[in-house]
Amino acid sequence: MKQVLSYLTPTGAVRLAMPMLLSLVLAACSSSSLIDYRGGAFEDDIEVDKTSLSLVEGGLPQARAVLKNDTSKELKFEYKFVWLDTEGVPLDETDRPWRSAKLAGKDRMTVTGTAPFDRARRFQIQIREPQEIKK
């Protein structure tokens, strides 16, 4: 019978440990700091219900958040993910596009975003009222 030895290279160990590290960092964030209500819109209406952070192929962090509509009315809004480093400094706030969304009363929706940098460790979701397209 042949004995098979397995080991992790330093790179493999980092890849294995990264999802756990990201989960711990994310768990330390309070849900109130996960949303930036631009201009105060929707502050009492939309909240983050659940979050997760994982690595996609290539080692980039991917966030998943469940947004919950606390009102009985349909809400139209725009959102975007802002990626932060370990110190909480935004890495790309101005470069990320806003996405339109609609959330039925008392409903939930899952939004996802992938960081453009492997050094991103946390995220924030910015929410604002829909903006008119200017020509």
Side-chain angles (χ1 to χ4, degrees):
M1 183 166 177
K2 218 180 212 185
Q3 184 176 5
V4 177
L5 298 176
S6 65
Y7 64 93
L8 288 176
T9 63
T11 304
V14 169
R15 283 191 182 141
L16 191 60
M18 190 59 103
M20 292 187 309
L21 176 63
L22 289 173
S23 296
L24 290 174
V25 169
L26 186 59
C29 299
S30 69
S31 64
S32 62
S33 65
L34 284 175
I35 293 186
D36 178 4
Y37 301 96
R38 302 303 250 182
F42 306 111
E43 193 164 355
D44 296 326
D45 301 336
I46 298 174
E47 68 178 83
V48 175
D49 194 26
K50 297 177 186 177
T51 60
S52 66
L53 195 58
S54 59
L55 292 179
V56 296
E57 193 171 323
L60 295 176
Q62 182 179 60
R64 179 179 306 269
V66 177
L67 302 180
K68 178 182 167 191
N69 181 350
D70 288 333
T71 73
S72 57
K73 62 184 179 193
E74 179 181 86
L75 299 175
K76 293 179 182 178
F77 60 96
E78 294 179 344
Y79 72 93
K80 72 176 178 175
F81 284 84
V82 175
W83 292 93
L84 312 168
D85 66 12
T86 56
E87 303 297 318
V89 176
L91 297 172
D92 64 341
E93 183 174 357
T94 58
D95 296 338
R96 304 301 279 181
W98 289 93
R99 296 181 177 171
S100 297
K102 187 171 26 175
L103 188 54
K106 299 294 183 187
D107 204 2
R108 290 173 166 77
M109 72 181 293
T110 301
V111 294
T112 60
T114 302
F117 310 104
D118 60 358
R119 67 183 187 274
R121 295 293 178 263
R122 299 188 326 196
F123 69 93
Q124 183 180 63
I125 301 171
Q126 294 183 345
I127 296 177
R128 70 178 186 187
E129 292 185 35
Q131 305 292 301
E132 291 183 30
I133 298 174
K134 297 178 182 176
K135 295 181 180 182

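Quick caveat, the model's predicted, so the values are computed rather than measured.
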The criterion is side chain to side chain contact (heavy atoms under 4.5 Å, CB included); which residues satisfy it with E43, sequence neighbours excluded?
Y37

Exactly one of R38, R96, R99 clears side-chain contact (heavy atoms from CB on, under 4.5 Å) with K80, and that residue is R96

For A63, give me all partners under side chain to side chain contact (heavy atoms under 4.5 Å, CB included), at least two apart in sequence or on another chain.
L53, F81, W83, F123

side-chain hydrogen bond (donor to acceptor under 3.5 Å, both in side chains) partners for E78, two or more places apart:
R128

Shortest non-hydrogen separation from L103 to L67 and the atoms involved
CD2-O, 4.0 Å

Under the side chain to side chain contact (heavy atoms under 4.5 Å, CB included) test, residues paired with A104 that sit two or more places apart:
D107

Report the residues that fulfil side chain to side chain contact (heavy atoms under 4.5 Å, CB included) with E57, sequence neighbours left out, ordered by chain and then residue number.
none

D49: partners by salt bridge (charged side-chain N to carboxylate O under 4.0 Å, His left out), with sequence neighbours left out:
R108

Rounded distance [0.5 Å steps], CG in D85 versus CZ in R119
7.5 Å

Hydrophobic cluster mates of V56, side-chain heavy atoms under 4.5 angstrom, ILVMFWY only, any path?
L60

Main-chain N/O of D45 paired with E47 side-chain donor or acceptor, under 3.5 Å
no

What residues form a side-chain hydrogen bond (donor to acceptor under 3.5 Å, both in side chains) with T114, not counting sequence neighbours?
Q62

Can you name the residues that form a side-chain hydrogen bond (donor to acceptor under 3.5 Å, both in side chains) with N69, not counting sequence neighbours?
T71

Residues in salt bridge (charged side-chain N to carboxylate O under 4.0 Å, His left out) contact with K106, at least two apart in sequence or another chain:
none

Looking at every non-hydrogen atom in both residues, tell me the closest pair between A65 and I125 and how far apart they are.
CB-CD1, 3.5 Å

Contacts of type salt bridge (charged side-chain N to carboxylate O under 4.0 Å, His left out), residue D70, not counting sequence neighbours:
K68

T112: side-chain hydrogen bond (donor to acceptor under 3.5 Å, both in side chains) partners, not counting sequence neighbours
none

